Number of protein chains: 4
Amino acid sequence: MSGTLNKVMLIGHLGDEVKMHYFEGGNCIGRFPIATNESYTNRQTGEKVTTTEWHNIVVRNKAAEICEKYLSKGDKIYVEGRLKTRQWQGEDGQTRYSTEIQVQDFTFLTPKEGGMPNQGGGAQASTTQGQQRNQPERPADTRPVQQEEEDDLPF
Amino acid sequence: MSGTLNKVMLIGHLGDEVKMHYFEGGNCIGRFPIATNESYTNRQTGEKVTTTEWHNIVVRNKAAEICEKYLSKGDKIYVEGRLKTRQWQGEDGQTRYSTEIQVQDFTFLTPKEGGMPNQGGGAQASTTQGQQRNQPERPADTRPVQQEEEDDLPF
Amino acid sequence: MSGTLNKVMLIGHLGDEVKMHYFEGGNCIGRFPIATNESYTNRQTGEKVTTTEWHNIVVRNKAAEICEKYLSKGDKIYVEGRLKTRQWQGEDGQTRYSTEIQVQDFTFLTPKEGGMPNQGGGAQASTTQGQQRNQPERPADTRPVQQEEEDDLPF
Amino acid sequence: MSGTLNKVMLIGHLGDEVKMHYFEGGNCIGRFPIATNESYTNRQTGEKVTTTEWHNIVVRNKAAEICEKYLSKGDKIYVEGRLKTRQWQGEDGQTRYSTEIQVQDFTFLTPKEGGMPNQGGGAQASTTQGQQRNQPERPADTRPVQQEEEDDLPF
DNA sequence: TTTT
DNA sequence: TTTT
């Protein structure tokens with residue numbers, strides 16, 4: 001089975017702060033929206049139209065904590081992950097769907113001055129797998145945190 | 001404005017036939033679902049779990065017609081595009097959301113024997129822009145169809 | 001024929017200015033190097049190692065002119081394109097190879113203050129196809145320039 | 001440091017068998033070439049031109065062994081990785097460059113009948129990190145092998 | 001050197 | 001040759 005690929009890559013700005021949720025057992029996730037923009041010119045009217053697309057980003061565990069610590073509303077970020085559509089029951093008993101990007105890798109693109117993640121440059125922190133040996137205090141200096149995948153979180 | 005990126009790349013199998021919708025003015029879109037799979041081993045139980053993720057694919061105009069002509073349920077395809085979440089009113093007056101992948105490029109990955117798109121190999125057709133000069137009868141032989149973007153389709 | 005994919009996506013910093021080359025017939029290309037970094041911790045020694053990878057970027061025509069106008073050494077950029085390995089004869093008669101990224105799309109990631117491409121934000125300009133209708137004076141406001149593909153440039 | 005991205009994604013056919021190299025200490029790498037194709041129509045002559053691009057793929061350790069076992073010349077594969085340009089001295093004392101794709105993830109796209117990796121479907125095996133807990137005997141059924149990154153291999 |  |  002498989003031979004499939006499910007990949008999303010986004011560069012956008014945070015529309016809100018990272019919201020953390022903690023679970024029993026020590027796991028946690030962070031959620032935040034990011035916006036991407038498209039501009040085009042309407043053929044008929046000739047006017048330029050800009051549209052904004054909002055994406056629901058979900059990060060886990062250490063990566064979530066790094067995002068919460070270093071990301072703020074308005075910051076630019078590169079995010080790579082998987083599309084996942086969750087299903088849930090509305091209060092009215094109807095099924096609702098919500099599509100999220102489950103983050104596997106990310107990189108901060110807003111320079112932070114005088115800060116930890118990297119003073120005065122384009123900060124970075126990432127969940128690239130295979131490098132969980134690095135658990136730096138300075139997340140921006142390396143691709144530190146592995147995005148763990150099998151932690152039985154309820155999503 | 002912008003400096004953003006909104007990109008999705010999928011390899012998966014069609015869960016159904018391509019459904020066409022024609023609009024006044026000559027535009028059309030095709031819709032079909034594709035499935036991607038993930039497998040992992042549950043940490044606690046040790047059992048292997050396979051999950052399927054479904055994606056709503058939307059293709060436009062010539063690309064839609066090529067997909068309708070050459071793709072069937074079960075076929076494997078590579079699809080590249082943009083995430084777009086549409087909003088609509090349910091019959092109950094509530095706002096619903098549906099996230100789609102608006103296709104910009106694609107490649108058939110199921111070999112077709114004795115067929116047009118390419119006899120006995122991995123067929124291909126694609127909406128890569130910048131090559132709209134090619135309008136081949138044999139879509140698999142090239143990246144023929146431009147995915148037009150500004151056609152004021154209602155989505 | 002085909003059913004193949006050849007895609008490169010980079011975020012990095014310019015190691016030098018954009019070098020333009022003009023051809024008879026009006027075509028032109030711009031070349032510049034960009035650097036990406038990887039950090040990892042050496043297993044044996046425990047020391048952190050940072051390596052830099054250099055990439056040869058090639059942009060064409062209008063996109064090249066936008067890059068030349070708005071990009072400077074040190075700027076951060078997102079670049080998407082195709083891998084192409086050129087062959088050439090060294091002075092010693094030996095065949096040499098050089099691998100380049102032929103740009104299809106790009107986005108400026110270094111904020112420019114008070115400038116054209118977009119005052120105080122993450123500038124952007126891009127060669128996305130299908131939008132060659134937009135030929136803005138302010139490239140950062142939209143994805144303006146189509147990366148033309150069939151212009152018989154000598155590479 | 002960083003905030004950079006170095007990503008390559010290819011779908012192509014193996015031009016040769018996987019060549020293994022074993023190192024002291026138990027590490028190994030596999031190398032193989034894959035071909036991607038582009039077709040376009042020459043503007044002046046109107047004739048269709050097909051070009052082939054060759055890519056040097058490098059896989060490590062368990063992933064290399066899976067590739068060697070299940071891939072053959074002509075097979076189609078999806079490969080994701082990083083660009084890396086190696087430098088070496090030619091016999092004439094001149095510096096030569098060779099650009100490789102260091103694989104991080106892959107998926108077999110050639111259906112194998114009656115075989116292990118998955119009977120009669122699109123086989124798959126992959127080095128996705130974060131899932132090294134799975135070490136299946138049937139590589140196609142899951143994303144089994146982690147592409148280890150810090151093993152001090154000489155490349 | 002692949003594939004169609 | 002970039003960046004932190």
Side-chain angles (χ1 to χ4, degrees), chain A residues 107-125 136 138-143, chain B residues 107-125 136 138-143, chain C residues 1-6 10-19 31-39 48 50-57 71-77 79 109-110, chain D residues 1-6 10-19 31-39 48 50-57 71-77 79 109-110:
Chain A
T107 294
F108 299 156
L109 296 174
T110 292
K112 304 276 182 179
E113 337 72 25
M116 264 278 84
N118 56 349
Q119 40 281 51
Q124 192 243 23
R138 305 209 304 149
D141 277 38
T142 178
R143 313 198 133 223
Chain B
T107 295
F108 300 156
L109 296 173
T110 292
K112 303 276 181 180
E113 337 73 24
M116 265 276 85
N118 57 349
Q119 43 281 51
Q124 190 244 22
R138 304 210 303 150
D141 277 38
T142 175
R143 311 199 136 223
Chain C
M1 188 185 350
S2 206
T4 65
L5 175 72
N6 177 354
L10 304 172
I11 295 174
H13 293 92
L14 271 79
D16 201 355
E17 303 296 330
V18 178
K19 299 285 194 301
R31 294 176 180 277
F32 56 90
I34 77 173
T36 57
N37 306 299
E38 333 268 342
S39 291
K48 191 154 70 78
T50 296
T51 61
T52 296
E53 196 61 34
W54 288 99
H55 311 271
N56 303 310
I57 309 300
L71 281 178
S72 300
K73 186 173 172 173
D75 282 352
K76 182 173 270 193
I77 189 175
V79 143
L109 296 174
T110 292
Chain D
M1 189 184 349
S2 204
T4 65
L5 175 72
N6 177 354
L10 303 172
I11 295 174
H13 293 92
L14 272 78
D16 202 354
E17 303 296 332
V18 178
K19 298 285 193 301
R31 295 177 177 276
F32 55 90
I34 77 172
T36 57
N37 306 298
E38 334 268 344
S39 291
K48 191 153 71 77
T50 296
T51 61
T52 296
E53 196 62 33
W54 287 99
H55 311 270
N56 302 311
I57 309 300
L71 281 178
S72 300
K73 186 173 172 174
D75 282 353
K76 183 174 271 194
I77 189 174
V79 143
L109 296 174
T110 293

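Owing to the predicted nature of the structure, the values given are computational and were not obtained by experimental measurement. Numbered from 1 within each chain, the chains take letters A, B, ... in sequence-line order.
A donor-acceptor contact shorter than 3.5 Å is absent between the side chain of C:T50 and the backbone of C:S39.
Distance NE2/C:H13 to CG/C:L71: 11.5 Å, rounded to 0.5 Å.
Between the CD atom of D:E17 and the C1' atom of E:dT2 there is a distance of 11 Å, given to the nearest Å. Between C:L109 atom CG and F:dT3 atom P there is a gap of 15 Å when expressed in whole angstrom units. Following rounding to the nearest Å, D:L10 (CG) and E:dT2 (P) show an atom-to-atom distance of 18 Å. The distance between atom CZ of D:R31 and atom P of E:dT1, rounded to the nearest whole Å, is 20 Å. Nucleotide F:dT3 holds its C1' atom 11 Å from the CG atom of C:L14, rounded to whole Å. Remark: C1' of E:dT2 and CG of D:N56 are 14 Å apart, rounded to the nearest angstrom. Straight-line distance from the CD1 atom of C:I11 to the C1' atom of F:dT3: 13 Å, rounded to whole Å. The distance between atom NZ of C:K76 and atom P of F:dT2, rounded to the nearest whole Å, is 15 Å.
Nucleic acid contact class of C:T36 (heavy atoms, under 4.0 Å, all strands): none. Within 4.0 Å of C:G74, counting heavy atoms only, lie sugar-phosphate atoms of the nucleic acid but no base atom.
Using a 4.5 Å cut-off on side-chain heavy atoms (C-beta onward), D:R31 and D:N56 make no contact.
Side-chain atoms of D:P33 lie closest to E:dT1 of the nucleotides E:dT1, E:dT2, F:dT1. With E:dT1, E:dT2, F:dT1 as the choices, the nucleotide that has an atom nearest any side-chain atom of C:K73 turns out to be F:dT1. For D:D16, whose side chain is taken as the heavy atoms from C-beta onward, the closest listed nucleotide among F:dT2, E:dT1, E:dT2 is E:dT1.
Residues satisfying the side chain to side chain donor-acceptor pair (under 3.5 Å) criterion with C:T52, sequence neighbours excluded, are C:N37. Contacts of C:K19 classified as side chain to side chain donor-acceptor pair (under 3.5 Å), with partners at least two apart in sequence or in another chain: C:D16.
You cannot call C:W54 stacked on the base of F:dT2; the centres under 5.5 Å and planes under 30° rule is not satisfied.
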